[in-house]
Number of protein chains: 2
Amino acid sequence: MRAEEKKFEKYLRLCGLRFTPERRLILREAFSIHDHFEVDDLFVRLHQKDCRISRATIYRTLDLLVKSGLLREVISGERHSHYEHILGHRHHDHLLCLKCGKVIEFSNNRIEELQKRVCEDYGFKPENHRLQIIGYCNRCQLDQGFT
Amino acid sequence: MRAEEKKFEKYLRLCGLRFTPERRLILREAFSIHDHFEVDDLFVRLHQKDCRISRATIYRTLDLLVKSGLLREVISGERHSHYEHILGHRHHDHLLCLKCGKVIEFSNNRIEELQKRVCEDYGFKPENHRLQIIGYCNRCQLDQGFT
DNA sequence: TTGTTATTGAAATTTAATCTCAATTGCAAT
DNA sequence: ATTGCAATTGAGATTAAATTTCAATAACAA
């Protein structure tokens, strides 16, 4: 069994929940996508494979996957949830352009370290984090002289 | 005219839009709240003052206020938008507990500085940002031995 | 004043997410 | 195996946020 399945099963057992076939299929599908995805992406992909899993179950399972620390919710500009898996996926944060909607990924070790220290100060155990910087990209700044 | 109104009017003019009485009222109400608020908070407060402004107008105006850099959307655990004003409001970030939902505010200058540097590297002009660290608070860690 | 264009409100619509509930399934105890 | 209890599922109803539509109105420049 793959690492992520082990971890999920462990989490479920600890909560008195069950590692059902549906939950395994959803987990596998989520981990087969090496990019951001949304609920409907999973639904479509599963149904293309003739897995008739309902949306309700996908919603419920994604909640569990986030709680177990296997997925994280990434915030895009859109008003519905987007996810990406954590295990085996390099962490990154985002610059979001207010004008053209462009998303730039970046990562910075020193910021991560400082976050760890903040957590220590508060006795907080981080599972994951998200950092978005919202503003204007290179190109769009030219049109934004109003400040 | 207050600083925020000046800035908003400037933004609107530049976009070929109008600084209408409704927009002014919404802006004032938003800036009278020195805390997070949601669309409905504004709607209720305005109607208590007999300002019969429709929800649609509030939604439309809040979009503009965010685009103009006067408000920022803060992400709470809930699935609808929350806002806070930027001008004259001390910036902070959040620690969110996955288990009990507790929100801890923190701020860290060195993280902010590093963010600025990241932006410089990408030629990006930041208007605001949001950083959330998700995990388990002091108290809830004890119950979370599954990792 | 006039014409153009943005804006508004009210209601309809869209969309995401949650809830309900009966049928089913997993699983531990027998 | 069998049984019984509790968790899980799917389908559809429901909730709630946000967006769209469109006719009436208002802002503003000429």
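Chain letters run A, B, ... following the sequence lines, proteins first, then strands; residues in each count from 1.
Among the nucleotides D:dT21, C:dT20, C:dA17, the one closest to the side chain of A:Arg60 is C:dT20. When distances run from any side-chain atom of B:Glu22 to the nucleotides C:dG9, D:dA6, D:dT9, the shortest one goes to C:dG9. Side-chain proximity of A:Thr57 to the nucleotides D:dA18, D:dT9, C:dG9 is greatest for D:dT9. Candidate nucleotides D:dG10, D:dA7, C:dA16 were compared by shortest atom distance to the side chain of A:Ser54, and D:dG10 ranks first. Of the candidate nucleotides D:dT20, C:dG26, C:dT8, D:dT20 has the atom nearest to the side chain of B:Ala56. Nearest to the side chain of B:Thr20, among C:dT8, C:dG9, D:dT8, sits C:dT8.
Relative orientation of the A:His85 and A:Phe31 rings is parallel, given thresholds of 30° and 60° on the angle between their planes. Relative orientation of the B:Phe8 and B:Tyr11 rings is parallel, given thresholds of 30° and 60° on the angle between their planes.
Under the ring pair (Phe, Tyr, Trp, His ring centres under 6.0 Å) test applied with B:His129, the options B:His94, B:His92, B:His91 reduce to a single match, B:His91.
Looking at A:Arg23, its side chain has no donor and acceptor atom pair within 3.5 Å of the base of D:dT8.
To the nearest angstrom, P of D:dT19 lies 8 Å from OH of B:Tyr59. Spacing between atom NE2 of A:His82 and atom P of C:dT15 amounts to 14 Å, rounded to whole angstrom units. Note: CD1 (A:Ile53) to C1' (D:dA11) measures 15 Å, nearest angstrom. In this structure, the CZ atom of A:Phe43 is 13 Å from the C1' atom of D:dG12, given to the nearest Å. Residue A:Asp50 contributes atom CG, which lies 16 Å from atom C1' of D:dG10 at whole-angstrom precision. The separation between B:Arg55 atom CZ and C:dA11 atom C1' is 13 Å, rounded to whole Å. When rounded to the nearest whole Å, the span between CZ of A:Arg24 and P of D:dT8 equals 15 Å. When rounded to the nearest whole Å, the span between CZ of A:Phe19 and C1' of C:dT25 equals 16 Å.
Summarising the geometry, atom CG belonging to B:Leu25 is positioned 10.0 Å from atom OG1 belonging to B:Thr61; distances are rounded to the nearest 0.5 Å. In this structure, OH on B:Tyr136 lies 9.0 Å from NZ on A:Lys67, to the nearest 0.5 angstrom.
The side chain of A:Arg18 contributes no N or O atom lying less than 4.0 Å from OP1 or OP2 of C:dT24.
Between A:Gly16 and A:Ile58, the one whose closest nucleotide on DNA chain D sits nearer the 5' end is A:Gly16.
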